[in-house]
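Chain letters run A, B, ... following the sequence lines, proteins first, then strands; residues in each count from 1.
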Amino acid sequence: MKKWGRLKKRSDFLRVQREGKKWVSKSLILQAAPGTEGTSRFGLTVTKKIDKRAVIRNRIRRRLRALAYDVLTEKALHGTDYVLIGRQDTLDKSYDEMCKELAWCLKRLECLKPFPTSCKKREAGHVSQ
RNA sequence: UCGGAAAGCCGGAUGGCCGCGCGUCUUCCUUGCGAAGGCGGGAGGAAAGUCCGGGCUUCACGGAAACACGGCGCCGGCUAACGGCCGGGCAGGGCGACCUGACGGAAAGUGCUGCAGAGAUUUAAACCGCCGAUGGCCUUUAAGGCACAGGCAAGGCUGAGAAGGUGCGGUAAGAGCGCACCGCGUCGCUGGCAACAGGGACGGCAAUGGUAAACCCCGCCGGAAGCAAGACCAAAUAGGCGUCCCGCAUGGUGUUUUUCCGCACCGGGGCGCGGGUAGGUUGCUAGAGGUCUGCGGUAACGCAGAUCCCAGAUGAAUGGCUGUCCCCGACAGAACCCGGCUUACAGGCCUUCUGGCUUU
RNA sequence: CGGGAUGUAGCGCAGCCUGGUAGCGCGCCUCGUUCGGGACGAGGAGGGCGGAGGGUCGAAUCCUCUCACCCCGA
């Protein structure tokens, strides 16, 4: 997880938007572009268009961050910068469904690792507990 | 028991696993940095709107005052300060507990007061009206009639507003014309720190309509901007300064009255310095601080003692999954920090008071 | 986070300071012109001051609160 830095500057976000590929799903939008120095980073975007209230936007951002830590580290190719953009459905969708949607997005952008280790196994473990 | 009023408080609770970021301690290490582990703490009553008041910082500035502009505005107190709070007065509302109030000055001056209406602030006005005592005309014994001169501001009408109100007297009809009470004004008296209240004498009211959230007058307050303030470190690139070396063919500028000669600068490279951008560090949380107790004060609040340390992020920390319980969870997220105001808000707790009904 | 401005017919704007009638251009409708349309000419309608409260006799205008949108400071 140490390898996963964060996109911090506006120019980074603009670069990913300009150079990268995009896939839109119901609850989130994923943008991906090749990283600059071979490292992987991710960033989050939640605009005021989605909701005016800071509480709602914070909650969406936190769910996206949890998703990034769980899914990207397990399934996504390294050496790539990712940007997760929140939508209104991000607030209410169940976490399992969002895991699947993010994996689907990765697959469509051809960033999926060839041998996916198991987000699903972890989930199954938790349920049994 | 059913309504109502006021003041205060709470804002789901408690666990498990995996994570986030802050402080601190220990250990490891290549000791700049980082890693692992332990411990502690981790959003609100409004964190919001940014409407006021301060602290803090930079800029400006002899101290200061005045003009302009803006804000505030019954009186007294509290406070670091306030447009806040507490207490009191006055006015309005409510059966009441209580609530509400931009609440100085219209007798310093200027402006505005559309339409309607006879008339809207110089002396206000005669449309419908009332009277016609006095004078005039007609009839005529007298009485009476006409409504010409005129008198009137009581009634109607218009309007948001017609300029003291009610009653009695008075009169031709009327009128503060006279009187009583109320209102208003002036001057004493009494109570109160004061706002103001009570009562007295005088005035006789076209004195003094309304509007100051129109200009304004009076009193008080205010230098400006804001942590993206400000301070420090500082890459690349370009330019600046100093110094050394190389070059100085031609040309330009300065020195010179002019010409020639000479000197300095304008070129390139190295080193150093300073400003400064990206970026980073800091400001950054111990404070007009919280809790408890005692004392003073009607209260806001103050004083004293004890005790506690209680978010400090910077693409921005509270998340993911899940167990149990209940009334099934509203409004909503710190961003330099405090004191207020305003706005949003499911539900619940407690205290005091008030009105109705019933029972004793 | 801080600073500043704007909300008026379907669209773009004036009026607000100094309160009483909401107006202009484009658009829309009808008629004329034309074989028909456009352009042009004549006539007309529609309804609008972001929302709530206040003071005023009376508010688009004055005051307070609130909502939306935009701009500036990296």
Side-chain angles (χ1 to χ4, degrees):
Chain A
M1 191 155 317
K2 283 180 257 174
K3 301 177 205 165
W4 285 85
R6 300 288 292 273
L7 293 174
K8 290 197 174 183
K9 288 193 284 187
R10 178 168 168 77
S11 55
D12 291 334
F13 282 80
L14 290 176
R15 186 184 60 79
V16 173
Q17 186 180 27
R18 195 175 55 246
E19 299 177 0
K21 295 170 290 184
K22 180 172 84 172
W23 190 259
V24 180
S25 76
K26 235 181 179 159
S27 63
L28 58 87
I29 300 169
L30 180 68
Q31 293 177 324
T36 45
E37 299 152 8
T39 59
S40 292
R41 296 181 295 174
F42 73 93
L44 307 169
T45 296
V46 182
T47 65
K48 269 194 175 175
K49 253 188 204 173
I50 294 169
D51 200 298
K52 217 182 64 181
R53 290 167 294 183
V55 174
I56 306 297
R57 280 183 278 122
N58 278 346
R59 177 152 178 85
I60 290 172
R61 181 162 55 233
R62 282 164 185 157
R63 298 197 81 188
L64 286 178
R65 186 164 51 233
L67 207 61
Y69 280 135
D70 276 351
V71 178
L72 290 182
T73 47
E74 302 266 345
K75 295 188 174 179
L77 285 174
H78 281 291
T80 309
D81 288 344
Y82 298 95
V83 173
L84 292 165
I85 300 172
R87 310 189 74 186
Q88 274 185 332
D89 285 354
T90 317
L91 191 61
D92 299 319
K93 205 121 191 166
S94 81
Y95 194 73
D96 286 348
E97 281 185 64
M98 287 180 51
C99 280
K100 286 175 195 163
E101 281 193 11
L102 180 54
W104 175 252
C105 289
L106 287 170
K107 188 180 173 190
R108 297 301 303 220
L109 296 180
E110 300 167 350
C111 294
L112 206 59
K113 276 186 184 172
F115 44 92
T117 52
S118 51
C119 190
K120 269 179 193 168
K121 269 185 203 164
R122 278 183 66 208
E123 286 158 21
H126 283 300
V127 168
S128 68
Q129 282 168 3

Could you tell me the Watson-Crick or G-U partner of [N], where both distances fall under 3.5 Å? Say none if there is no partner.
N: B:C28; result: B:G34
N: B:G223; result: B:C59
N: B:A344; result: none
N: B:C265; result: B:G252
N: B:C331; result: B:G44

Look for any protein N or O under 3.5 Å of an N or O in nucleotides 343-345 of chain B and output each such pair with its distance, or none.
none

How long is the line joining [atom1] of [X] and [atom2] of [N], in whole Å?
X: A:Leu64; N: B:G19; atom1: CG; atom2: P; answer: 21 Å
X: A:Arg61; N: B:G315; atom1: CZ; atom2: P; answer: 11 Å
X: A:Leu67; N: B:C321; atom1: CG; atom2: P; answer: 10 Å
X: A:Asp81; N: B:G315; atom1: CG; atom2: P; answer: 16 Å
X: A:Arg57; N: B:G315; atom1: CZ; atom2: P; answer: 17 Å
X: A:Arg53; N: B:G333; atom1: CZ; atom2: C1'; answer: 12 Å
X: A:Leu44; N: B:G319; atom1: CG; atom2: P; answer: 15 Å
X: A:Asp70; N: B:G319; atom1: CG; atom2: C1'; answer: 10 Å

Report yes if at least one side-chain N or O of [X] is closer than 4.0 Å to OP1 or OP2 of [N]; otherwise report no.
X: A:Arg59; N: B:G320; value: yes
X: A:Arg65; N: B:U318; value: yes
X: A:Arg63; N: B:G320; value: yes

Please write out the pairs of protein N or O atoms and N or O atoms of nucleotides 1-3 of chain C separated by less than 3.5 Å, giving the distance to one decimal.
none

(message) Please compare A:Val46 and A:Asn58 by the position of their nearest nucleotide in RNA chain B and report the one closer to 5'.
(response) A:Val46
Can you name the atoms? Protein N/O to nucleotides 68-74 of chain C N/O, anything below 3.5 Å, with the distance.
| from | atom 1 | to | atom 2 | distance (Å) |
| --- | --- | --- | --- | --- |
| C:A68 | OP1 | A:Lys52 | NZ | 2.7 |
| C:A68 | OP2 | A:Lys52 | NZ | 3.2 |

(request) State whether the number of non-hydrogen atoms from other residues, nucleotides or ligands found under 6.0 Å of A:Glu19 atom CD is greater than 12. (result) yes
(message) Can you list everything that forms a side chain to side chain donor-acceptor pair (under 3.5 Å) with A:Arg61? Sequence neighbours excluded, please.
(response) A:Asn58
Nearest to the side chain of [X], heavy atoms from C-beta on, is which of [options]?
X: A:Tyr95; options: B:G320, B:G315, B:A332; answer: B:G320
X: A:Ala66; options: B:A332, B:G319, B:C321; answer: B:G319
X: A:Thr45; options: B:G319, B:G315, B:A332; answer: B:G315

(message) Are A:Leu106 and A:Trp23 packed together at the side-chain level, in the sense that at least one heavy-atom pair is separated by less than 4.5 angstrom?
(response) no
(request) Give a yes or no answer on whether the side chain of A:Arg59 reaches the backbone of A:Leu91 with a donor-acceptor pair at less than 3.5 Å. (result) no
(request) Taking Watson-Crick and G-U wobble pairs with both distances under 3.5 Å, convert RNA chain C into its dot-bracket string, 5' to 3', dots for unpaired and | for cross-strand pairs. (result) ((((.((..((((......[..)))).(((((.......))))).....(((((..]....))))))).)))).
(request) Can you tell me which residue pairs pass the ring-ring contact (aromatic ring centres under 6.0 Å, His included) test with a partner in residues 42-64 of chain A, sequence neighbours excluded? (result) A:Phe42-A:Tyr69
(message) Would you say the base of B:G315 stacks on A:Phe13 (centre-to-centre below 5.5 Å, plane angle below 30°)?
(response) yes
